[in-house]
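Here's the structure we're looking at; comments come further down.
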Amino acid sequence: MKIIVDTREQKPFTFEGREAVEVVVGTLATGDYSLVGLEDRVALERKSLADLVGCLTGSNRDRFERELARGRGLDYFAVIIENGFEELTAKQYHSNLNPHAAAQSILAFQVRHRVPFIWAGNRRAAEYSCYWLLSKYLREAEARYKAIIKAHGQEVAL
């Protein structure tokens with residue numbers, strides 16, 4: 001599996017210890033992580049709690065909403081947060097943003113853009129989630145494309 005990490009990703013996952021994975025640095029139109037050749041189909045956005053809270057105010061909010069809107073056009077897009085929801089509601093971040101207002105914005109984004117927010121709990125679990133979501137997407141995509149090719153009477157060699 002070849003995972004693309006966006007060049008703008010500040011603290012990229014290494015996927016160290018995962019078998020059969022190659023990490024490639026490149027520019028993604030949407031998200032921080034995708035699969036080579038499927039950049040227009042799947043992407044994952046990684047956020048620390050501080051990043052996420054920062055995306056909920058001012059011009060950062062508009063930029064983040066545009067990212068979520070682009071993600072909606074993909075087969076699969078999700079936001080993976082390296083923290084737990086309880087850390088948000090307990091205001092374990094440095095911002096004047098009220099935790100209730102932050103939570104309400106995030107819940108509204110999920111409904112408005114049909115994008116799941118995955119509260120991984122910590123960075124290790126976020127990396128695990130990223131790797132396995134991309135792996136599962138790749139497996140499903142391979143099965144779907146094999147079925148399409150087979151329906152057209154072609155030999156399948158993916």
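Values in this document were obtained by computation on a predicted structure and should not be read as measured data. Quick note: numbers below take in every heavy atom, side chains included, and nothing from hydrogens, waters or symmetry partners.
When the side chains of ILVMFWY residues are joined at heavy-atom separations under 4.5 Å, either directly or via intervening members, Val36 and Val42 end up in two distinct hydrophobic clusters. Criterion: ILVMFWY side-chain heavy atoms under 4.5 Å apart, direct or through other members. Under it, Val24 and Tyr33 are not part of a common hydrophobic cluster.
For the pair Glu87 and Gly121, the tightest heavy-atom approach, listed with the atom from each and the gap, is OE2-O, 3.8 Å. Closest non-hydrogen pair, Ala120 versus Ala125, comes out as O-CB, 3.4 Å. Taking both residues in full, the closest heavy atoms of Glu19 and Tyr131 are given as O-OH, 3.3 Å, listed atom of the first, atom of the second, then distance. Of all heavy-atom pairs spanning Phe15 and Cys130, the tightest one is CZ-SG, 3.9 Å.
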Q: Determine, step by step, whether Leu133 and Ile80 satisfy the side chain to side chain contact (heavy atoms under 4.5 Å, CB included) criterion, reporting the C-alpha distance in whole Å, the side-chain angles of both residues, the deciding distance to 0.1 Å, and the verdict.
A: CA-CA 10 Å; Leu133 282 167; Ile80 300 173; 4.1 Å; yes
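The pair Lys47-Glu82 does not count as a salt bridge, with every side-chain nitrogen at least 4.0 angstrom from each carboxylate oxygen.
Atom-to-atom distance recorded for Asp6:CG and Thr27:OG1 is 6.0 Å, nearest 0.5 angstrom. Arg18 CZ to Glu127 CD: the interatomic distance, rounded to the nearest 0.5 Å, is 6.5 Å.
Under a 4.5 Å side-chain heavy-atom cut-off, the cluster of Ile, Leu, Val, Met, Phe, Trp and Tyr residues that includes Leu68 is completed by Leu49, Leu52, Val53, Leu56, Phe64, Leu74, Phe77, Val79, Ile81, Phe85, Leu88, Tyr93, Leu97, Ile106, Phe109, Val115, Phe117, Trp119.
Within the 4.5 Å cutoff, no side-chain heavy atoms of Gln92 are placed close to those of Glu86. Considering only heavy atoms from C-beta on, Ile3 comes within 4.5 Å of Val21 through its side chain. Taking the side chain as every heavy atom from C-beta outward, Leu28 and Ile4 approach each other to under 4.5 Å.
Put simply, the side chain of Asp32 gets close to the backbone of Arg46: a donor and an acceptor are under 3.5 Å apart. With hydrogens and angles ignored, the 3.5 Å screen pairs no side-chain donor or acceptor of Glu39 with any backbone N or O of Ser34.
Residue pairs satisfying the side chain to side chain donor-acceptor pair (under 3.5 Å) criterion with at least one member in residues 48-59, sequence neighbours excluded, are listed as follows: Ser48-Asp51. Residues in residues 60-78 take part in these side chain to side chain donor-acceptor pair (under 3.5 Å) pairs, two or more places apart or across chains: Thr30-Arg70, Arg61-Ser105, Glu65-Arg112, Glu65-His113, Glu67-Arg70, Asp75-Tyr137.
For Arg124, the CZ atom sits in a loose shell: 12 or fewer heavy atoms of surrounding residues, nucleotides or ligands are nearer than 6.0 Å.
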